[in-house]
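Remarks on the structure that follows.
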Amino acid sequence: MRMAKMAAAVAEHGQDAFRKLFKFYKRRVPPPDFSDVIDFAKGLRNEKVFAAKLNLAAISERDARGAGLHPIKDWKAYGLEGYPGFIFISNPFLLGSQQHWVTQSLKVYPQKPNVCNLDIHMAPAETENIWERSAERIRNKSGGKSEAKTLLEKLRWVTLGYHYNWDTKTYSADRHTAFPADLARLSGHVAAACGFPGFRAEAGILNYYHTDSSLGIHVDESELDHSWPLLSFSFGQSAVFLLGGAKREDAPTAMFMHSGDVMVMSGASRLLYHAVPRIVSPPAGFPAPLGPPEEDTPEDSLVSKVPEEDWEVCTRYIEASRVNATVRQVLAPGQLFSAAANSRPAVALSGESYHQEETTGDENPKPKRRRSSSADS
Ligand code: OGA
Ligand code: MN
């Protein structure tokens with residue numbers, strides 16, 4: 001058998017190093033060599049990884065526990081050589097508390113008035129109860145590939161707060177609903193720990209990935225104030241994440257994101273190119289991150305025990321899927337959208353160029369299928 005090319009050799013030559021590495025990690029046959037992918041779960045073993053300093057006094061242990069987080073002093077936070085402002089927090093969640101965030105992402109956040117990809121081709125009445133219409137069938141699935149997909153399995157993205165318009169790449173005042181309070185609080189805690197007290201969670205994008213999904217190369221620059229960090233929370237299956245430079249040509253650094261990992265892009269790293277070329281299984285022996293809660297939670301805790309019948313559905317789902325939530329502050333304190341931005345004509349939202357998906361994982365990958373198109377198949 002031919003040896004798979006090393007990532008370093010791919011990235012070295014040629015103009016568009018990012019695109020080449022994206023294709024390298026996306027490729028299914030032969031599978032890529034993952035030995036250049038940084039794994040923050042292994043701590044400081046990589047020479048480019050260093051310990052990041054957090055503000056240990058930013059939140060109390062009680063507040064951390066209320067959001068399902070370990071005390072900040074116990075977080076394993078890392079920086080990456082060459083990426084000032086980038087902070088990777090290796091699963092700061094208490095054992096069992098990820099259950100809450102996974103369940104919210106599958107059962108609650110897709111609910112109206114939040115917006116999702118299914119809204120493009122379906123009537124509002126049909127996308128009203130995605131969870132209720134899917135749960136029983138997911139619970140009873142035998143695993144046969146021929147079974148029709150449930151709405152939950154067709155879900156690709158959900159937007160929160162200021163609902164991102166995929167076509168105009170803008171947020172606007174007239175497309176806004178309340179941001180979920182629990183996710184806002186979690187985000188505020190993480191931002192404060194990273195040196196950004198006063199962060200306001202104003203917009204969120206949830207991306208739902210299956211084993212054959214990827215997310216194209218992009219920069220998140222639609223927010224009007226870039227001095228606030230972009231927060232990213234990952235649950236379920238692992239992913240290869242590529243962090244590039246300020247220019248599309250800059251060769252990216254590959255890293256794994258596992259369930260519970262939190263990534264912060266701030267400062268000089270806030271506007272860097274990035275992408276998710278591949279979803280991968282968690283490494284063997286990776287501690288089961290999603291077991292039942294073991295500790296007493298404060299009375300005003302955001303995180304409560306998930307009913308067993310709900311968790312059964314979530315478990316089924318994340319066995320082959322990954323959920324990522326990115327949380328953004330859109331406006332500077334006191335800032336308003338300009339009248340021009342408000343009056344931009346509403347365009348059908350699709351996110352088509354952003355989300356990509358292979359139809360199968362077989363020998364000859366079919367051409368990219370746009371994510372949103374699976375909603376009407
Ligand atoms: C995004 C994004 C990355 C991820 O939604 O803008 O870059 O890890 N997501 O899913
Ligand atoms: Mn992004």
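It should be emphasised that the depicted structure is a prediction, and the values quoted were computed from it without experimental measurement. For ligands, and for the atoms within them, numbers begin at 1 and follow the listed sequence. When a residue number appears, it is its place in the shown sequence, counting from 1.
Distances below 4.0 Å separate heavy atoms of Leu215 from the following atoms of ligand 1: 1 (C), 2 (C), 3 (C), 7 (O), 9 (N). Near Val276, the atoms of ligand 1 lying under 4.0 angstrom from a non-hydrogen atom of the residue are 3 (C), 4 (C), 8 (O), 10 (O). Below 4.0 Å from some heavy atom of His274 lie the following atoms of ligand 1, by number and element: 7 (O). Atoms of ligand 1 lying under 4.0 Å from any heavy atom of Tyr209, numbered from 1 in the order shown and given with element: 3 (C), 4 (C), 9 (N), 10 (O). In the vicinity of Arg322, heavy-atom distances shorter than 4.0 Å reach the ligand 1 atoms 4 (C), 8 (O), 10 (O). Heavy-atom contacts of Asn324 reach the following atoms of ligand 1: 3 (C), 4 (C), 8 (O), 9 (N), 10 (O) (cutoff under 4.0 Å).
Screening residues 312-333 for ring pair (Phe, Tyr, Trp, His ring centres under 6.0 Å), with sequence neighbours left out, gives His210-Tyr317. Annotation: ring pair (Phe, Tyr, Trp, His ring centres under 6.0 Å) contacts involving residues 30-52, sequence neighbours excluded, comprise Phe40-Tyr78, Phe40-Phe88.
In terms of polar-atom proximity, defined here as any N/O pair under 3.5 Å, Asp220 does make such a contact with ligand 1. For a threshold of 3.5 Å applied to N or O pairs, the pair formed by Arg328 and ligand 1 contains at least one separation below that value.
Restricting Asp220 to its N, O or S atoms, the one at the least distance from the Mn ion (ligand 2) is OD2.
Seen from the Mn ion (ligand 2), atom NE2 of His218 and atom NE2 of His274 lie 90° apart in angle, a value rounded to 10°.
By the rule that hydrophobic residues join a cluster once side-chain heavy atoms approach within less than 4.5 Å of another member, Leu152 and Val108 end up as members of one cluster. One hydrophobic cluster, built from ILVMFWY side chains closer than 4.5 Å, holds both Leu44 and Leu80. In the hydrophobic clustering of this structure, Phe179 does not group with Leu336; members are Ile, Leu, Val, Met, Phe, Trp, Tyr whose side-chain heavy atoms approach within less than 4.5 Å, directly or through other members.
At least one cation-pi condition fails for Arg278 and Tyr25: the charged atom is not both under 6.0 angstrom from the six-membered ring centre and inside a 45 degree cone around its axis.
Among the candidates Gln237, Gln98, Arg322, the single residue satisfying the side chain to side chain contact (heavy atoms under 4.5 Å, CB included) test with Ser259 is Gln98.
Taking the six-membered ring wherever Trp is involved, the centroid distance between the rings of His163 and His176 does not fall below 6.0 Å.
For His218, the closest heavy-atom approach to ligand 1 falls below 4.0 Å.
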